[in-house]
Amino acid sequence: RQCFTATDPHGGGPVELCNLVVSCGPSGGARLWFGAHYDTRPVCDKDPDPARRDEPLLGANDGASGVAVMLHLMELLATDPPDRGVDLIFFDGEDSGPSGDPSGFCLGSRHLAGTWNEFGSPLAGTDPRALVVLDMVGARGLNIGYEQYSYHYAQEFTVAVFERAMRLGLSAFEPTLATAVYDDHVPFLEAGIPALDLIDFDYPPWHTTGDTPDKCDPASLEQVGRLAVSLSWSRIPGF
């Protein structure tokens, strides 16, 4: 647990947030990071019904889908540890800010990106080679392209991951430019760590009360999970 106090972007008062880190494989040395946010949005501000816009988001896809993949990956890594370190990071406070104000989002990842190597951090003293963020990866008809911040600031890693997906025959991945999304990978890109956001942002129930499990597909989660498993046990050269 990496807990810290932040200012609530909606209420202005202090709020305690906690990032969670699960480390697998050998300690120290070169490591691959996976990340997903486990918080959900406090309001459904994009809901078509104005009367429901103050309701909290269930977040079956926006948050829970990436977490689901990482929870199963954690089980697999515990059963068959990889030969290099893999860290699974569950970010808090990703979806907390008012719409249109990036400063209220990605609170957990921004805190960890600035403190991961400080004394007492669960990741201190390690050598992170890259981060893969899983966000909104469960929708039916999943289509994940090159998120633009990932492609422009971590192009070598981004292209290599998509090439791996192509070799695995994962049809949900399309190596073409997609939407730029301010997500949990951005603070790490700013800190100089190659970071890739796997996200399908073309999701009509986004930030509405309609983001429910029936909008998700196990086949989509499977494709993302197969890629995560491959990256964990068969490293990309240089990463």
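Start at 1 with the first residue, then count along the sequence. Here the structure is a predicted model, which means the values were calculated and not measured. What's counted below: heavy atoms across the whole structure, side chains too, no hydrogens, waters or symmetry copies.
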Are Tyr151 and Leu189 connected in the hydrophobic side-chain network, where two residues link if heavy atoms are under 4.5 Å apart?
-> no
Pair Tyr182 and Phe105, ring centroids less than 6.0 Å apart = no
Smallest heavy-atom separation, Glu174 atom then Phe162 atom, equals O-CE2, 3.7 Å
Distance (rounded to the nearest 0.5 Å) between Phe91 CZ and His111 NE2 = 11.5 Å
So does Glu190 have more than 12 non-hydrogen atoms from other groups sitting under 6.0 Å from CD?
-> yes
Flag if over 12 foreign heavy atoms under 6.0 Å of CZ, Arg1 = no
Side-chain heavy atoms under 4.5 angstrom apart, residues restricted to Ile, Leu, Val, Met, Phe, Trp, Tyr: same cluster for Val181 and Tyr149?
-> no
What's the spacing between Arg41 CZ and Ser96 OG if we round to 0.5 Å?
-> 8.0 Å
When rounded to the nearest 0.5 angstrom, what is the spacing between CZ in Arg31 and CG in Leu123?
-> 8.0 Å
Is any side-chain heavy atom of Arg53 less than 4.5 Å from a side-chain heavy atom of Asp49?
-> no
Give the cluster check for Val21 versus Met70: same hydrophobic cluster or not, with ILVMFWY residues linked at side-chain heavy-atom distances below 4.5 Å.
-> no
Judged by atom type as modelled, is there a donor-acceptor pair below 3.5 Å linking the side chain of Arg140 to the main-chain atoms of Ser220?
-> no
Audit row: Asp54, Arg52, salt bridge (charged side-chain N to carboxylate O under 4.0 Å, His left out) steps and yes/no = CA-CA 6 Å; Asp54 288 333; Arg52 303 195 68 182; over 6 Å; no
In terms of ring plane angle, is the pair Phe188 and Trp33 parallel, tilted or perpendicular, where the classes change at 30° and 60°?
-> perpendicular
Nearest 0.5 Å, what's the CG-CZ distance between Leu131 and Phe157?
-> 8.0 Å
Any side-chain heavy atom of Asn19 sitting closer than 4.5 Å to one from Cys3?
-> no
Residue Tyr153 excluded, over 12 heavy atoms near OH under 6.0 Å = no
Result for side-chain contact (heavy atoms from CB on, under 4.5 Å) between Ile144 and one of Val137, Ile199, Leu134 points to Val137
Any donor and acceptor pair, going by atom type alone, linking the side chain of Asn117 with main-chain N or O of Gly125 inside 3.5 Å?
-> yes
Quick one: CG on Leu20 to CD1 on Ile89, what's the gap to the nearest 0.5 Å?
-> 10.5 Å
